[in-house]
Protein chains: 2
Amino acid sequence: MKINHRITYPSSKKIYIKGKIHDIQVGMREITLSDTISVENGQHKAEKNKSVIVYDTSGNYSDKDITIDISKGLRRIREKWIEARADTEILPAFSSDYCNERLDDSNLDDIRFPLISLPKKAKKGKAITQMYYARQGIITPEMEYVAIRENIQNEELGIPTHITPEFVRDEIAAGRAVLPANINHPEAEPMIIGTNFLVKVNTNIGNSALSSGIDEEVEKAVWSCKWGGDTLMDLSTGENIHETREWIVRNTPVPVGTVPLYQTLEKVDGKIADLTWEIYRDTLIEQCEQGVDYFTIHAGLLKAHLPLVKGRTTGIVSRGGSIIANWMTQHNQENLFYTHFEDICLILNKYDVAVSLGDGLRPGSINDANDAAQFAELSVLGELTKIAWKHHVQVLIEGPGHVPMQKIKVNMDEQIAHCHGAPFYTLGPLTTDIAPGYDHITSAIGAAQIAWYGTAMICYVTPKEHLGLPDKEDVRAGVIAYKIAAHAADLAKEHPGAQVRDNALSKARFDFRWKDQFNLSLDPEKALEYYKIGRLGEESDHCTMCGPHFCAMKLTKEMHDCAKMNE
Amino acid sequence: MKINHRITYPSSKKIYIKGKIHDIQVGMREITLSDTISVENGQHKAEKNKSVIVYDTSGNYSDKDITIDISKGLRRIREKWIEARADTEILPAFSSDYCNERLDDSNLDDIRFPLISLPKKAKKGKAITQMYYARQGIITPEMEYVAIRENIQNEELGIPTHITPEFVRDEIAAGRAVLPANINHPEAEPMIIGTNFLVKVNTNIGNSALSSGIDEEVEKAVWSCKWGGDTLMDLSTGENIHETREWIVRNTPVPVGTVPLYQTLEKVDGKIADLTWEIYRDTLIEQCEQGVDYFTIHAGLLKAHLPLVKGRTTGIVSRGGSIIANWMTQHNQENLFYTHFEDICLILNKYDVAVSLGDGLRPGSINDANDAAQFAELSVLGELTKIAWKHHVQVLIEGPGHVPMQKIKVNMDEQIAHCHGAPFYTLGPLTTDIAPGYDHITSAIGAAQIAWYGTAMICYVTPKEHLGLPDKEDVRAGVIAYKIAAHAADLAKEHPGAQVRDNALSKARFDFRWKDQFNLSLDPEKALEYYKIGRLGEESDHCTMCGPHFCAMKLTKEMHDCAKMNE
């Protein structure tokens, strides 16, 4: 393990904001700026620029006072909060047969995460989800944490905000927001997904049978958090899924999601016909006890929907959807996730795992967008939402896919109409099919729009979409494209304080405070790299784009100076 | 000149579609596809896939039967059409003093384009613009050319279209569309810019005082056409602007635009106070006779607007705008482009150069979007449009800039309200300020939206925006991002035939016809490059993204096969 996982950002320091209700410390990033220098009556004048505080997904990795050792995992910040509630217990052993088999297998000693903790579970008769607490009127430390975190500018700026701990509680109670918080993932810093909060970005990593090892996946996970990924899905489908996930969960400061079906299918050697409720159930428990925070479950795709797929250009493009569709066809039975949905909820609510209702019939091409198959499934997702909520299970609704711009809004409208306010979580949508190699862009265009319309979380797409498994640089490109889309939506929704960073960066730009401009940007390293190409000096009052005579900002300043002299 | 400028696209051939009214040959690109292979009752079945014809901006460069020699320039396809109209004459010499000085300077022999043709100009008393012809009810060869070109799918597909030569004529007559067609740029293939046509992409190239030579600029121009740039602005501000432009114009098969003010300022050594109407006038004539097809002129920024700029975060960010604002401030005089606007029109209409009314006050930051300064200028652009049209000069209206999503539509609405239907031509807009290094993405998000709302042409932004001069790879990244935005808008506007390419590509994807998928994409080389990373065989029925068990498309096919067996 020679990879250095430390995360640094230029001119930035980790700060912690204290809670008022609970004894909590909310990690944020403060970017320090240099002074604005102007000349007035021949005298240099320095004007201080207030530092800018930004939302920070990098967890322990960016705190220089914390030693990073991925073989030990991150600090377990939520552990004492969970313990204080006294409604969970530590089990004497793992409950999943498969998990115990893996732990007993000495062949896996070399790749196993060395510090396995026994799992927690709700005490008998206790409800322990954030939704349950919220409904009881309880503001948990997790809720106060996100309330502080969402107010990205500290209070000194005096920007009015609707986001208080009580507001957070109310949104979770109503199902309009999800706070993924498996009691077995105490390393994760609380975050919230809901239309009345900052738009979040999910990133996908994970190996496939053809590539990628544990080291590489952990590195990608940390990398995703560095660039601002808010949640992380481990979509591994290759070897050693259990062990890979353990490393990822223990070292990821953001909620981790999975599609449990993928591992279940590996357990039956890829033979879809051999999938059973029992094996799936064991997999759910295995992952609940490892600390996965949310599961994508394709429970809304029914037998009755399959004929609707026939005329499609690209059939079923959801991996989970295509697997369960095949299972239904081979067995001529109803979707087992649908028939067992209540059983599933009764497992998830013992660990506070949220369900992300998968859209197995999302369109995979412009031609298939908004078709009967897609909307038939969406309406079932609405039914399932009610069932999950009955058991205090938090719910996300997954959305498309490939959708041309004029058909995007209808997706949001239909989701609102059918899903009772549960947060929408979409993959893109991609606004055209014709740009493989650039689908982070085709989809950022759609993601920005649907997030503006109300989607709470957007799932990134990398440049390798449709072509191969993303590497580290693809993860970076995907996360940044989606941070752009999410932030563009936050601005468009006029989220309190969202524009502070734009304003500070633009002022730095106008002042030729190049380093401040870069330090405030989403990717300071890339900006600096591009700036340095063909640059003469480090700081100057023009760049190679326009040269000295044609810099509009320089000319504006000269004009103002001239106008002042004329006054 | 060792650079190979030949443009090739995989599995593509140059085809020419004949005119019905005129003796014209419209170059298009035909992409040949392989068969769809399926198995039915144990028998392989091959189904033919129709080739796809796409809009082609690559001119002679992609016709293997035409020898490319950039020291000779491209074929002059419009020359005989212009001559046949018999309303222009070849001048005995260039009319610009500056041009003649440069031609007489033997120090420039080494860098001068070797084959200088004498310029054409309207005969005395003759109106020669496409707008004039259109108003007379004349369908020119240029108009029929674009009518054929806009029907991107050949007629065999039977997709109903509104675009006929008569429709083109009517749109130009009404000022709703611009067909840039300087009589001194006969190498340019006719194209049209208007809200009722395909959305067009402008690209900017050009050196600055700090970098880039002639070879490199010609290479970037050809490169822009390869990736689909519809027009090209030469924004050179460094040395040898006149000679650089000659090479570019002679070798560019798309309309070329400039900001004549840039060269004018170089002529007075960057001293803004020394700018005069006489020097500017000579520059206009110099460039009209070289063959520039449209000029950006910042004639709408008035003295009265300058106080509105004061509270801005980023002042004036248009280079031309800041120059003329400084000039007005220093001289305490009204904008000379405004006071001389009628004189300007009377020059431009002798060559059929279109005017692109520059938005000198476009916002350079989210905070400055849609402010009083911006809209005050827009309303003047509307006045100027009427004046230009009086002289049969074609008009484009330039637009912003930096605009958050919720404020984009108002820009289009205001433009429609004030500018009498003249086509809107916007730079982005960028939907956030916080992503230098990725502004091709921040702006593609805004460009796709504003194009959907009706903007006719979008000006690309490269990843180097705000940071430096774009190189060849930046040009490619910028053009592709904007081709995506333009195509996404064509789909959203339901432009006839636009979806044919998406459908063909998605069908290829579903069939695992990988090569067809790539060949149909906007950047086949990039798609293939990404696909090959970590690939085992050349063609397979899964990719590294999902591995063999998890390919949804493969599973869909298996399900359909299974369902068939069950029937």
Side-chain angles (χ1 to χ4, degrees), chain A residues 208-211 237 270 313-317 319 322 325-326 329 365-367 404-406 431-437 441-442 445 448 452 464 467-469 481 484 487-488 491-492 501-503 505-506 510 521-523 526-527 530-531 534 543-545 547 549-550 552 555-556 559 562-563, chain B residues 208-211 237 270 313-317 319 322 325-326 329 365-367 404-406 431-437 441-442 445 448 452 464 467-469 481 484 487-488 491-492 501-503 505-506 510 521-523 526-527 530-531 534 543-545 547 549-550 552 555-556 559 562-563:
Chain A
S208 81
L210 301 178
S211 77
T237 56
T313 300
T314 44
I316 300 178
V317 296
R319 291 192 261 173
S322 66
N326 264 35
T329 308
S365 55
I366 291 296
N367 206 43
M405 286 191 286
Q406 87 280 20
T431 53
T432 162
D433 304 341
I434 69 168
I441 301 179
T442 63
I445 290 170
W452 172 27
K464 290 272 173 64
L467 302 171
L469 207 63
I484 289 169
H487 185 69
L491 291 175
R501 190 172 183 174
D502 296 75
N503 293 352
L505 188 145
S506 287
F510 192 64
S521 72
L522 286 177
D523 185 346
K526 183 74 81 187
Y530 283 172
Y531 171 80
C543 80
T544 55
M545 189 162 176
H549 292 161
F550 287 90
L555 292 174
T556 304
M559 179 186 73
C562 172
Chain B
S208 79
L210 300 178
S211 78
T237 57
T313 300
T314 44
I316 300 177
V317 296
R319 290 193 262 174
S322 66
N326 263 33
T329 308
S365 55
I366 292 295
N367 206 43
M405 285 191 288
Q406 87 279 23
T431 52
T432 163
D433 304 341
I434 68 168
I441 300 177
T442 65
I445 291 170
W452 172 26
K464 291 272 174 65
L467 302 171
L469 207 63
I484 289 169
H487 185 69
L491 291 175
R501 190 172 182 173
D502 296 76
N503 293 352
L505 188 145
S506 287
F510 192 65
S521 73
L522 286 177
D523 186 345
K526 183 75 79 188
Y530 284 172
Y531 171 80
C543 79
T544 56
M545 189 161 177
H549 293 163
F550 287 89
L555 292 174
T556 304
M559 178 186 72
C562 172

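Please read all numbers here as calculations on a predicted model, not as lab measurements. Below, chains carry the letters A, B, ... as their sequence lines are ordered, and counting in each starts from 1.
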Point to revise | Contacts of A:T556 that satisfy side-chain hydrogen bond (donor to acceptor under 3.5 Å, both in side chains) - sequence neighbours left out | key: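 With neighbours one apart ignored, the set is empty.
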Review point. A:A527, A:P404, A:A481: which one forms the most heavy-atom pairs within less than 4.5 Å of chain B?
Key: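 Highest number of heavy-atom pairs under 4.5 Å: A:A527.
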Exercise for review: Return the option, out of A:L522, A:I366, A:N326, with the maximum number of heavy-atom pairs under 4.5 Å with chain B.
Suggested key: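 Between A:L522, A:I366, A:N326, the count favours A:N326.
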Point to revise | For chain A, the option from B:T442, B:D433, B:I434, B:D523 that forms the most heavy-atom pairs under 4.5 Å | key: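 The answer is B:I434.
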Check your understanding: Highest number of heavy-atom pairs under 4.5 Å with chain A: which of B:D502, B:T432, B:N503?
Key ->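 Looking at each option in turn, the highest pair count goes to B:D502.
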Quick one: [atom1] on [X] to [atom2] on [Y], what's the gap to the nearest 0.5 Å?
X	Y	atom1	atom2	result
B:L555	A:I316	CG	CD1	9.0 Å
B:H487	A:T431	NE2	OG1	9.0 Å
A:T314	A:N367	OG1	CG	8.0 Å

**Study point:** Heavy-atom pair with the smallest gap, counting every atom of A:W452 and B:M405
**Key:**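 It is CH2-O, 3.6 Å.
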**Study point:** Part of B:L505 lying under 4.5 Å from any heavy atom of chain A
**Key:**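 Contact with chain A involves the side chain of B:L505 alone.
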